[in-house]
Amino acid sequence: MIRQAPYLRRLIQTSLSKVSTRCLTAQAASALRDSEPMFRYEEYADIDWNNLGFGLTRTDYMYTAKCTQNETFQQGRLSDYGNVELSPAAGVLNYGQGLFEGTKAFRGEDGRIFLFRPDQNAIRMQIGAERMCMQSPSVQQFVDAVKQTAIANKRWIPPPGKGSLYIRPLLIGTGPILGLSPSPEYTFLVYASPVGNYFKEGVAPLNLYVDDQFHRATRGGAGGVKSITNYAPVLKAISRAKGEGFSDVIYLDSVHKKYVEEASSCNIFLVKGNVISTPATVGTILEGITRKSIIDIARDIGYKVEERSVSIDELMEADEVFTTGTAVSVATVGSITYNGRRVDYKTGDELVGQKLYKTLVGIQNGTIEDKYNWVVQIS
């Protein structure tokens, strides 16, 4: 059953009354005036929630805002999910001028809907935009856009324990440009898709491969920001590794080829005794939101956490290894293979990574007290 736009107006005004109501209502009203989207109000979409992978599922709505160079972003609007029209000369198509973020909406056991640290994604996008010579939305507009997108697609948020709604904010140069220079126009777009486990192994331990031929990032490059240009270059390494039965690839630094950086889509941690170590973010490694959160949680429960250079030899001698990221959450590593040598690590529910994972997920879904003020309740 479907209701018309007035229902969407009432829903957004009611659900978001506690967070930036005036701004959200104005933006929602603009969306309704401009596009009059139809809003489906069923509690859940008709989908097999027990078999969600990490694939794209078409949802109902997306958010769009635009701005010209050296200006601020206009008020955005919700519209029906659909294709985006671009000039063939768009900066993102010709010169890769684009950034993306990833965050999630979670459904609690009591039906409440939560976002996890969206302000940190907004700040990271601003840092990336400065590096890529792009205009960026304010933190408030970014967070409001994520909230609106989550509420409008509420029926796609999985039941508790079945997954989450992955929300993808994009910032792209959409203005036409022929010579190499910043785009004259930028589009901020947010869409969403329900997802389950990122890796096909589900919650089973990962088997990772260390690649010393391909490098994810180089010094002075854009490896420390979430540029779209960071990801296509690793597809060759990932495809080769997966063809040999591995879950993902670990990359080494491009200078010495001996220090661990990160995996294709997640940061990496190792445990030795009571010490947790992770490579320092020094420009070639993305500073993950989940990474930062896990570091804070680990320190608070008594672990010593070191952010420093980690050699591949040290990684191979670790007691335990796990990865972190918005998409992967916290994933246990079962083995790492490097130069033909495979090392197996401890796995199990009582290990450090799983303890941290359970705490993180509990905070995200509202079952553990959020003493950090990381969670934003939107419904």
Side-chain angles (χ1 to χ4, degrees), residues 39-63 80-82 100-118 121 146-170 189-207 231 238 242 246-248 263-266 288-290 293 322-334 349 353-354 356-368 375-379:
F39 188 81
R40 301 185 180 189
Y41 73 97
E42 299 95 339
E43 182 178 5
Y44 288 110
D46 184 13
I47 186 173
D48 183 359
W49 298 111
N50 293 315
N51 291 294
L52 277 180
F54 200 89
L56 179 65
T57 297
R58 182 188 178 105
T59 52
D60 298 323
Y61 301 103
M62 63 184 189
Y63 173 100
D80 291 334
Y81 181 98
F100 76 88
E101 280 295 327
T103 187
K104 287 179 175 178
F106 303 87
R107 192 186 295 266
E109 293 289 346
D110 56 2
R112 291 181 296 167
I113 305 300
F114 304 101
L115 299 175
F116 185 72
R117 308 189 75 178
N121 295 94
V146 170
K147 291 174 181 176
Q148 289 188 58
T149 304
I151 286 295
N153 293 295
K154 183 176 179 180
R155 73 192 189 102
W156 296 98
I157 302 176
K162 300 295 185 180
S164 58
L165 183 71
Y166 185 87
I167 302 171
R168 171 61 60 83
L170 283 167
L189 189 152
V190 187
Y191 68 93
S193 176
V195 297
N197 290 306
Y198 181 79
F199 293 105
K200 65 179 179 62
E201 292 88 347
V203 296
L206 308 177
N207 298 305
Y231 293 86
I238 295 173
K242 288 186 175 181
F246 296 101
S247 311
D248 202 349
S264 303
S265 57
C266 45
I289 311 301
T290 307
S293 305
F322 60 89
T323 65
T324 66
T326 297
V328 307
S329 189
V330 179
T332 299
V333 175
D349 289 342
Q354 283 302 299
L356 298 174
Y357 166 74
K358 292 173 184 176
T359 302
L360 176 70
V361 171
I363 293 171
Q364 290 174 332
N365 64 26
T367 59
I368 292 179
V375 170
V376 178
Q377 181 181 333
I378 59 174
S379 174

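Every heavy atom of this structure was used, including side-chain atoms; hydrogens, water molecules and symmetry mates were not.
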Worksheet, complete the sentence: From the list V146, N153, I151, side chain to side chain contact (heavy atoms under 4.5 Å, CB included) with T149 holds only for N153

Worksheet entry | Distance (rounded to the nearest 0.5 Å) between R155 CZ and D46 CG | 8.5 Å

Item to complete: Enter the distance from S193:OG to Y81:OH here, rounded to the nearest 0.5 Å.
Response: 7.5 Å

Practice prompt. Taking all heavy atoms of A150 and all of L115, pick out the closest pair and write down the distance.
Written response: CB-CD2, 4.3 Å

Worksheet entry | Partner set under salt bridge (Lys or Arg N to Asp or Glu O under 4.0 Å) for D349, not counting sequence neighbours | none

Throw together a table of side-chain donor-acceptor distances under 3.5 angstrom for residues 160-170, partners on residues two or more places apart or in other chains.
from: K162; atom 1: NZ; to: N50; atom 2: OD1; distance (Å): 2.6
from: Y166; atom 1: OH; to: R168; atom 2: NH2; distance (Å): 3.1
from: R168; atom 1: NE; to: E101; atom 2: O; distance (Å): 3.1

Worksheet item: Which atom pair, heavy atoms only, marks the closest approach of M62 to Y191?
Response: CB-CB, 4.2 Å

Worksheet item: Closest heavy-atom contact between F199 and A331?
Response: CE1-CB, 4.4 Å

Discussion item. Just verifying a value: how many Å separate T57 OG1 and I47 CD1, rounded to the nearest 0.5 Å?
Written reply: 4.5 Å

Worksheet entry | Sub-4.5 Å side-chain heavy-atom contact between L52 and V195 | no

Discussion item. Just so I know, are the side chains of F114 and Q377 near enough to count as touching, which here means a heavy-atom distance under 4.5 Å?
Written reply: yes

Discussion item. Is any side-chain heavy atom of Y231 closer than 4.5 Å to one of I238?
Written reply: no

Worksheet item: Less than 4.5 Å apart, any side-chain heavy atom of N121 and any of I289?
Response: yes

Worksheet entry | Closest contact, heavy atoms only, T324 versus V328 | C-CG2, 3.6 Å

Item to complete: Starting at OG1 of T332, measure out to CG of L206 and round the result to the nearest 0.5 Å.
Response: 7.5 Å

Item to complete: Could you check if a side-chain atom of P194 sits within less than 4.5 angstrom of a side-chain atom of T59, using non-hydrogen atoms only?
Response: yes

Ignoring hydrogens and angles, write down the donor-acceptor pairs under 3.5 Å from the side chains of residues 357-366, residues two or more places apart or on other chains.
from: T359; atom 1: OG1; to: K355; atom 2: O; distance (Å): 3.1
from: N365; atom 1: OD1; to: T367; atom 2: N; distance (Å): 3.2
from: N365; atom 1: OD1; to: T367; atom 2: OG1; distance (Å): 2.8
from: N365; atom 1: ND2; to: V361; atom 2: O; distance (Å): 3.3

Worksheet item: Going from NZ on K147 to CD1 on I378, what distance comes out if it is rounded to the nearest 0.5 angstrom?
Response: 8.0 Å

Discussion item. Looking at every heavy atom in both S379 and K154, which two are closest together, and how far apart are they?
Written reply: OG-NZ, 2.9 Å

Worksheet item: Heavy atoms, side chains only, cut-off 4.5 Å: are F106 and V375 in contact?
Response: no

Worksheet entry | Point-to-point distance, once rounded to the nearest 0.5 Å, from OG1 of T326 to OH of Y198 | 11.5 Å

Worksheet, complete the sentence: In terms of heavy-atom contacts, G196 and F54 come closest through O-CD1, 4.1 Å

